[in-house]
Amino acid sequence: MTPRQVGILTTAAAAARPTRDEAVELLFRAHYPRLVRLAYCVLGDRGASEDAVQDAFVSLHRHWHSLRDVGAAESYLHATVLNRARSRIRDVARSRGDCPLQSVKPSVAPEEAAVSHDDAARLAAAVRELPRRQCEVVICRYYLQLSEAETAELLGMGVGSVKSHAHRALKSLSHRLEASA
């Protein structure tokens with residue numbers, strides 16, 4: 001959690017310990033757009049991404065009492081969004097009977113199409129074609145700008161595994177992007 005985010009919760013807690021509804025609302029306002037972008041990086045579908053994030057907030061609200069501290073809420077949301085995205089990919093793969101990460105095609109809204117660039121689209125497609133763990137590590141490390149330790153904690157793996165997946169992913173992306181240029 002960044003110092004700013006801790007400040008939001010600390011300020012609210014200092015005024016009066018926020019209720020579950022107030023705390024979830026503060027987290028929603030602070031994190032919703034970034035969590036939708038995270039889910040979109042994995043899924044490539046805006047609607048499915050919004051559904052995954054909304055499900056994560058509903059789950060957080062439902063399980064609020066089981067959090068050890070308010071600071072764990074952000075990690076809970078990240079993990080839940082990634083789990084919901086993985087479930088969506090598995091569901092799509094089962095229904096289509098093909099490779100999960102390559103079967104989900106991005107749906108481009110008009111406003112997104114207006115600001116997208118060819119290089120960004122090629123990079124996003126190449127990242128989605130990576131093996132699942134490599135894709136998740138790249139998104140956490142380079143899109144969300146999490147440290148290796150934060151990425152390891154979020155994805156439930158060791159720091160060495162994060163480094164290894166990141167190295168392999170960058171090497172693969174480099175080869176793919178050079179070949180398609």
Side-chain angles (χ1 to χ4, degrees), residues 1-6 9 27 30-45 48-57 59-60 63 66-94 96-106 119-181:
M1 188 175 258
T2 66
R4 181 180 162 269
Q5 295 161 340
V6 170
L9 293 175
L27 288 164
H31 300 289
Y32 181 80
R34 191 166 55 100
L35 290 170
V36 170
R37 288 191 301 268
L38 168 64
Y40 185 82
C41 286
V42 176
L43 294 170
D45 180 277
S49 300
E50 290 173 347
D51 288 346
V53 174
Q54 289 171 5
D55 287 348
F57 276 100
S59 179
L60 174 65
H63 297 101
S66 65
L67 289 177
R68 284 180 248 154
D69 66 282
V70 175
E74 183 183 359
S75 296
Y76 180 91
L77 287 168
H78 278 102
T80 305
V81 167
L82 285 174
N83 287 336
R84 297 288 196 264
R86 290 176 191 143
S87 294
R88 171 78 174 140
I89 289 170
R90 281 192 299 271
D91 292 345
V92 169
R94 266 194 297 271
R96 292 184 182 176
D98 50 313
C99 180
L101 291 176
Q102 295 175 352
S103 65
V104 180
K105 302 293 183 206
D119 290 342
R122 285 187 316 126
L123 178 60
V127 169
R128 279 193 293 276
E129 291 174 2
L130 291 171
R132 179 180 64 113
R133 282 303 208 178
Q134 288 180 19
C135 176
E136 293 170 353
V137 166
V138 166
I139 290 168
C140 290
R141 289 285 293 130
Y142 304 106
Y143 183 74
L144 296 177
Q145 298 179 345
L146 299 177
S147 69
E148 290 169 341
E150 291 169 327
T151 300
E153 181 182 338
L154 178 63
L155 298 177
M157 63 173 65
V159 174
S161 293
V162 169
K163 291 178 183 180
S164 177
H165 285 301
H167 175 75
R168 283 188 232 130
L170 293 177
K171 188 175 179 179
S172 177
L173 287 172
S174 175
H175 291 304
R176 289 178 190 200
L177 293 175
E178 286 175 8
S180 68

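Throughout, residue positions are numbered sequentially from 1 according to the sequence presented.
Under the 4.5 Å side-chain criterion, counting only non-hydrogen atoms from C-beta, Tyr143 is not in contact with Val127. Considering only heavy atoms from C-beta on, Asp51 stays 4.5 Å or farther from Arg88 through its side chain.
For the atom pair CG (Leu43) and CG (Leu38), the distance works out to 9.0 Å, reported to the nearest 0.5 Å. Note that CD of Gln54 is 11.5 Å distant from CG of Leu35, once rounded to the nearest 0.5 Å. To the nearest 0.5 Å, atom CG of residue Asn83 and atom CG of residue Asp55 are 12.0 Å apart. The CG atom of Leu130 lies 11.0 Å from the CD atom of Glu136; values are rounded to the nearest 0.5 Å.
Between the side chains of Thr80 and Arg84, no donor-acceptor pair of N or O atoms lies under 3.5 Å. Looking only at atom types and distance, the side chain of Arg176 has a donor-acceptor partner in the side chain of Ser172 under 3.5 Å away.
Annotation for Ala56 and Val81: closest pair CB-CG2, 3.6 Å, computed over non-hydrogen atoms. Considering every non-hydrogen atom in both Leu60 and Ala73, the closest pair reads CD1-CB, 4.2 Å. When all heavy atoms of Leu154 and Ser75 are compared, the pair lying nearest together is CD1-O, 4.0 Å. Nearest heavy atom pair, residue Leu155 against residue Arg86, reads CD2-NH2, 3.9 Å. Taking all atoms of both residues into account, the shortest heavy-atom contact from Val159 to Ala149 is CG2-CA, 4.1 Å. Nearest heavy atom pair, residue Ala39 against residue Ser49, reads C-OG, 3.4 Å.
In this structure, Arg141 contributes its side chain and Leu146 its backbone to a donor-acceptor pair below 3.5 Å. Under the 3.5 Å distance criterion, the side-chain polar atoms of Gln134 are left unmatched by any main-chain donor or acceptor of Pro131. Listed for the His63 side chain is a donor-acceptor partner under 3.5 Å among the backbone atoms of Ser59. In this structure, the side chain of Ser174 does not engage the main chain of Leu170 through any donor-acceptor pair within 3.5 Å.
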Checklist entry - What do the steps show when you test His78 against Arg34 for side-chain contact (heavy atoms from CB on, under 4.5 Å), and what is the final call? => result CA-CA 10 Å; His78 278 102; Arg34 191 166 55 100; 3.3 Å; yes
Next on the checklist: For a side-chain contact (heavy atoms from CB on, under 4.5 Å) check, start with the C-alpha distance between Tyr40 and Glu50, then their side-chain angles and the critical distance, and finish with the verdict.
Outcome noted: CA-CA 8 Å; Tyr40 185 82; Glu50 290 173 347; over 6 Å; no
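The residue from Arg168, His167, Glu148, Met157 that alone fulfils the side chain to side chain contact (heavy atoms under 4.5 Å, CB included) condition with Val137 is Met157.
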